[in-house]
K.L.:
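Sending over a structure as structure tokens; questions will come in a sec.
The chains referred to below are lettered A, B, ... by the order of the sequence lines, with proteins before strands, and numbering in each begins at 1.
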Number of protein chains: 2
Amino acid sequence: MPNAFREPFLPLIRELVRTYQAFEAYSNAHVRELGLTPPQFDVIATLGNTPGMSCKELSERTLITKGTLTGVIDRLADKGLVGRQALAEDRRSVFVALTDAGQTLFDTVFPAHLAHMRQAFAAFDNDDLARQIAELAALRRAFGTAMEHYKR
Amino acid sequence: MPNAFREPFLPLIRELVRTYQAFEAYSNAHVRELGLTPPQFDVIATLGNTPGMSCKELSERTLITKGTLTGVIDRLADKGLVGRQALAEDRRSVFVALTDAGQTLFDTVFPAHLAHMRQAFAAFDNDDLARQIAELAALRRAFGTAMEHYKR
DNA sequence: CTAGGATAGTTCTAATTAGAACTAAATGGC
DNA sequence: GCCATTTAGTTCTAATTAGAACTATCCTAG
């Protein structure tokens, strides 16, 4: 959203959007080479080395909306990578876990992806990372606070 | 993409994703109230106060891919907000500009949206903004550099 | 205990996304 | 001038997105 009006925050918005897109481009280039879509990878990564979890928890952890998550899980189930089970203690809930094939895939692709991402961060030390995290957190909180006021 | 492995950059990735999503949630809540989708708003904002431009330039400025842009422009044209024209000097090109109705809408919604976004940044001074821009730019360049090496 | 309200997951809609395929047009090396 | 290559925009596919509607289930106040 360019166009003048001399608002000093506009360049920051632009930088945030471009940084996020650069991240996605870099991360997703690798994920797609693994034969997965980005959301599919997120689900597998989140389920990896866990006994599984409810759709609700998976949605919260991956930030994928529940409507979309159903489709993502469907397609992963079709690939034989995840399985669904009813939950006895809450019959509205569905328990989702990696299959053996899914866990095997996780064991292969997750370390590879970490190595891929690590390359982008090679030039940053821990102080750099901590500083960037703090700046982003401040920004995120500002949007969250503004959102609370807006919804009022 | 949670899961241990103790990689110090993982929290930064998470923060970037969450900050971007917080931005989108805040920005889009307002845009949707204006009766537009986020990409539609971007196109109108980009075309506002300009004589118009080619699809290619519009795509570059909004970061909307050309396949998607065709659909976005189609729907804006259906709303009577933009018009298309052939370009005499390059017959492959299409020139896109706001209609009078589109420019009127821009004159109404763009300042409103700036005011909306300004609220989120109220607590930041110009030094804050400059610092955040610099941190994000460093991060973006790191992804860009890693991407160049990856493509090689 | 009961009923109203909240919730989990699925289904649905309109829109968007990446990227490929395509056609028409432009470009530039030879 | 010719032709191979590149490019602009459209069309297409599979997947995803936000959010609403829905059904079944759970929770809690009275």
Side-chain angles (χ1 to χ4, degrees), chain A residues 17 20-44 52-79 82 84-96 147 151, chain B residues 17 20-44 52-79 82 84-96 147 151:
Chain A
V17 171
Y20 178 73
Q21 287 182 333
F23 154 69
E24 277 215 315
Y26 184 65
S27 173
N28 296 348
H30 182 246
V31 167
R32 289 202 167 95
E33 273 194 1
L34 304 171
L36 300 167
T37 64
Q40 288 169 1
F41 177 82
D42 279 355
V43 166
I44 289 174
M53 63 191 71
S54 69
C55 285
K56 176 173 158 64
E57 191 177 352
L58 189 51
S59 170
E60 286 168 350
R61 290 187 176 205
T62 58
L63 303 179
I64 298 170
T65 59
K66 55 185 189 176
T68 300
L69 188 56
T70 298
V72 175
I73 294 175
D74 283 346
R75 285 178 291 274
L76 285 174
D78 288 346
K79 289 170 182 275
V82 302
R84 282 188 175 95
Q85 280 177 5
L87 269 182
E89 59 267 28
D90 184 343
R91 293 205 280 134
R92 300 170 301 181
S93 260
V94 173
F95 189 80
V96 184
M147 193 66 183
K151 282 183 186 163
Chain B
V17 172
Y20 178 75
Q21 288 184 333
F23 154 70
E24 277 216 314
Y26 184 65
S27 174
N28 295 349
H30 183 247
V31 166
R32 290 203 166 96
E33 273 193 1
L34 305 172
L36 299 166
T37 65
Q40 288 171 359
F41 178 81
D42 279 354
V43 167
I44 289 174
M53 63 190 71
S54 69
C55 284
K56 177 173 158 62
E57 189 176 353
L58 190 50
S59 170
E60 286 169 350
R61 290 187 174 203
T62 58
L63 303 179
I64 298 170
T65 60
K66 55 184 188 176
T68 299
L69 188 56
T70 298
V72 175
I73 296 176
D74 283 347
R75 284 180 290 276
L76 286 174
D78 288 347
K79 289 171 182 277
V82 304
R84 282 187 177 97
Q85 281 176 2
L87 268 183
E89 58 267 28
D90 184 344
R91 292 203 280 130
R92 300 169 304 179
S93 260
V94 174
F95 188 80
V96 185
M147 193 68 183
K151 282 183 189 164

K.L.:
May I have the distance from B:Gln85 (atom CD) to D:dG9 (atom C1'), rounded to whole angstrom?
P.N.:
16 Å
K.L.:
Can you work out whether A:Glu89 or A:Gly71 has the more 5'-proximal nearest nucleotide on DNA chain D?
P.N.:
A:Gly71
K.L.:
Mind calculating the distance between CD (A:Glu60) and C1' (C:dT7) to the nearest angstrom?
P.N.:
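Spelled out: CD on A:Glu60 to C1' on C:dT7 is 12 Å.
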K.L.:
On DNA chain C, compare the nucleotides closest to B:Gln40 and A:Leu87; which residue's is nearer the 5' end?
P.N.:
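So the residue in question is A:Leu87.
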K.L.:
Between B:Glu24 and B:Gln21, is there a donor-acceptor pair closer than 3.5 Å when you use the side chain of the first and the backbone of the second?
P.N.:
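Flag not set: sc B:Glu24 to bb B:Gln21 has no pair under 3.5 Å.
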K.L.:
Quickly work out the B:Asn28 CG to C:dT16 P distance and round it to whole Å.
P.N.:
11 Å
K.L.:
So, taking the atom named NZ in A:Lys56 and the one named CG in A:Asp90, what distance separates them when rounded to the nearest 0.5 Å?
P.N.:
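It comes to 10.5 Å.
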K.L.:
Report the distance from atom CD1 of B:Ile44 to atom CD of B:Gln40, rounding to the nearest 0.5 Å.
P.N.:
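Between B:Ile44 CD1 and B:Gln40 CD, I get 7.0 Å after rounding to 0.5 Å.
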K.L.:
Check the distance between C:dA8's C1' and A:Asp90's CG and give it to me in whole angstrom.
P.N.:
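So the two atoms are 7 Å apart, to the nearest Å.
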K.L.:
Report the distance from atom CG of B:Asp78 to atom CD1 of B:Ile73, rounding to the nearest 0.5 Å.
P.N.:
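Reported to 0.5 Å precision, the distance equals 12.0 Å.
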K.L.:
Round to a whole Å and report the spacing from CZ of B:Phe95 to C1' of D:dA8.
P.N.:
15 Å
K.L.:
Looking only at side-chain N and O atoms, does B:Arg91 come under 4.0 Å of OP1 or OP2 in D:dT7?
P.N.:
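The answer is no; no side-chain N or O of B:Arg91 sits under 4.0 Å from OP1 or OP2.
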K.L.:
Rounded to whole Å, please give me the gap between CG in A:Leu76 and C1' in D:dT16.
P.N.:
13 Å
K.L.:
For the side chain of A:Thr37, counting heavy atoms from C-beta on, which of C:dA8, D:dT11, D:dA15 is nearest?
P.N.:
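Looking only at side-chain atoms, A:Thr37 lies closest to D:dA15.
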K.L.:
Which nucleotide in the set D:dT7, C:dA6, D:dA15 lies at the smallest distance from any side-chain heavy atom of A:Arg92?
P.N.:
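That would be C:dA6.
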K.L.:
Contacts to DNA chain C from residues 52-59 of chain B, heavy-atom cutoff under 4.0 Å, which residues?
P.N.:
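Result for residues 52-59 of chain B: none.
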K.L.:
Measure the distance from NZ on A:Lys79 to P on D:dA14 and round it to the nearest whole Å.
P.N.:
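The answer, rounded to whole Å, is 13 Å.
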K.L.:
Between CG of B:Leu87 and CE of B:Met53, what distance do you get to the nearest 0.5 Å?
P.N.:
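That separation rounds to 12.0 Å.
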K.L.:
In this structure, how many angstroms lie between the P atom of C:dT16 and the CG atom of B:Asp74, rounded?
P.N.:
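Spelled out: CG on B:Asp74 to P on C:dT16 is 10 Å.
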K.L.:
Sort me out a list of protein N/O and nucleotides 17-21 of chain C N/O pairs below 3.5 Å, or just none if empty.
P.N.:
from, atom 1, to, atom 2, distance (Å)
C:dA18, OP2, B:Thr65, OG1, 3.3

K.L.:
Verify the contact: side-chain N or O of B:Ser93 to OP1 or OP2 of D:dG9, cut-off strictly under 4.0 Å; return yes or no.
P.N.:
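For D:dG9, OP1/OP2 do have a side-chain N/O of B:Ser93 under 4.0 Å.
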K.L.:
The criterion is salt bridge (charged side-chain N to carboxylate O under 4.0 Å, His left out); which residues satisfy it with A:Arg84, sequence neighbours excluded?
P.N.:
A:Asp74
K.L.:
Measure the spacing between CG of B:Leu63 and CZ of B:Arg61 and express it to the nearest 0.5 Å.
P.N.:
11.5 Å
K.L.:
Ignoring hydrogens and geometry, is there a side-chain-to-backbone donor-acceptor pair from B:Ser27 to B:Phe23 under 3.5 Å?
P.N.:
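No; judged by distance alone, with no hydrogens or angles, the pair does not exist.
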K.L.:
Ignoring hydrogens and geometry, is there a side-chain-to-backbone donor-acceptor pair from A:Thr68 to A:Ile64 under 3.5 Å?
P.N.:
no
